[in-house]
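Written below as structure tokens is the structure these notes are about.
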Amino acid sequence: MSNNFLAEKDAQFVWHPFDIFRNSSNLLVERTLGNKIYTKDGRILTDMVSSWWVNLHGHNHPHIVHAIQKQAEKLSHVIFSGFSHEPAITLAERLIGILPGKMDKIFFSDNGSTAVEVGLKMALQYWFNIGRHKTKILAFEGAYHGDTFGAMSLAGPEPFNKPFQHHLFEVVYLPFPDEQNFEVIEHILFKEFETGEVAALVYEPMIQGVGGMRLFNKTLQEKILEKCRLNEVLLVADEVMTGFGRTGKLFASEFFKVKPDIICLSKGITGGFLPLGATSATKNIYEVFNCSDKRKIFLHGHSYTGNALSCAAANASLDLLLTEDCKQRIESISKTQSQFLRKLEGNKRLEWFVSLGTILTMSQIPEKSKGYFDSKSEKAYQYFLERNLLLRPLGNALYLSPPYCTEISELIEAQNVVLEYLEK
Ligand SMILES: Cc1ncc(COP(=O)(O)O)c(C=O)c1O
């Protein structure tokens, strides 16, 4: 099929997600390898956003390809209620072995949004099951936790969610913490804790993703976690974006002394090959569901829960992630990102710039900002594409979050293109 024909059919039949960069048709991809995307019209793009932050070791890594092939010959998928299988059991045990805190059980779902929905429902039902009226949820302003209704409620009345605003449940929002507003946050917390009704805080540890790639002040975020823990508020860490090495640690919750009760995972879990969500819970949480009263069990499940191919991919991705080679790659990328910050000093186009592990993020000074819908981000997107780089700015936020297979020379090249863009 010719490229033009495919492009026409794409426009005619396919509804793409987040289709905001509309001025050109979608790029048709022929194949991928490592951090490269080969388009049908012969271009080779370097993926600097890990294909929406899912890819860890490079596209088509042979170890993961082989694991999926082997698994597909034996068992692809089977109902996961009343049945189980080795790839899921192995993965659950391995995740529990590396997750921060004292995680005890893994509940599988399909993606980041469902992992968060599961975490939210576990937290709310935990209190229900033990007969406590705790129903309020805390979240940070600017949070993004996915596109299902619970996850949208957590993000609040963002432009994404406007059409659904009347159907979102109420959440108590904490301002994005800084030294100036911390007293306000303490006041909100104090007032809410007094009601005794706060069930959980759902938070992205260390860095907000889609909400602007903003870094939390670690000390202040930890103080909030501490206060929640002291006031019987469950901590639900959304590590969908931060998990599996992105922040330089295996999980961002490792930065804190206060560990979560529930952790939501997805994106990098399969190394970017197949969809999979996972939500972990401590023994304390699991135990109140594990009883003879059928009304108290966790009545939640997705058709593809525990998909064997996804679990096999995730196990193979973990094999790679836990090698010394991968650890060193993450360290080298992290070092190169933090060294680049010096070159950004004094740049008049930037409000702030910072790195966390393998992520480099900066915010351009808003002109008349339209936030996520700012046409500046579309222009930047096109600018980088013309230079064969896949970078996908989020409104004013510009960031690089490469797969760990990226060579340092490739990263420096991409950083230099960012510099040229900022200096043009
Ligand atoms: C922190 C966070 N949570 C949840 C999600 C939702 O994940 P998914 O797109 O797989 O539903 C995202 C997606 O970007 C995310 O960044």
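Fair warning: this is a prediction, and the values are worked out from it, not measured in the lab. Values reported hereafter were calculated over all heavy atoms of this structure, with side chains retained and with hydrogens, waters and symmetry mates removed. Indexing begins at 1, ligand by ligand and atom by atom, following the structure's order.
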Give me the ring orientation class for Phe298 and His300: parallel if the planes are under 30° apart, tilted from 30 to 60°, perpendicular past 60°.
parallel
Compile the donor-acceptor pairs under 3.5 Å between side chains in residues 73-90 and protein atoms, sequence neighbours left out, one pair per line.
{"unit_1": "His77", "atom_1": "ND1", "unit_2": "Asn307", "atom_2": "ND2", "d": "3.1"}
{"unit_1": "His77", "atom_1": "NE2", "unit_2": "Ser303", "atom_2": "O", "d": "2.9"}
{"unit_1": "His85", "atom_1": "ND1", "unit_2": "Ala88", "atom_2": "N", "d": "3.4"}
{"unit_1": "His85", "atom_1": "NE2", "unit_2": "Gly306", "atom_2": "O", "d": "2.8"}
{"unit_1": "Glu86", "atom_1": "OE2", "unit_2": "Thr90", "atom_2": "OG1", "d": "2.6"}
{"unit_1": "Thr90", "atom_1": "OG1", "unit_2": "Glu86", "atom_2": "O", "d": "2.9"}

Just wondering, more than 12 heavy atoms not from Glu192 lying within 6.0 Å of its CD?
yes
State plainly whether the residues Glu186 and Lys227 are in salt-bridge range, i.e. N to O under 4.0 Å.
yes
N-O pairing of Lys249 and Glu239 below 4.0 Å:
no
Amino acids contacting ligand 1, non-hydrogen cut-off under 4.0 Å:
Trp53, Asn111, Gly112, Ser113, Tyr144, His145, Gly146, Glu204, Val210, Asp238, Val240, Met241, Lys267
Tell me, yes or no, whether the heavy-atom count around Gln12 atom CD, taken from other residues, nucleotides or ligands under 6.0 Å, exceeds 12.
yes
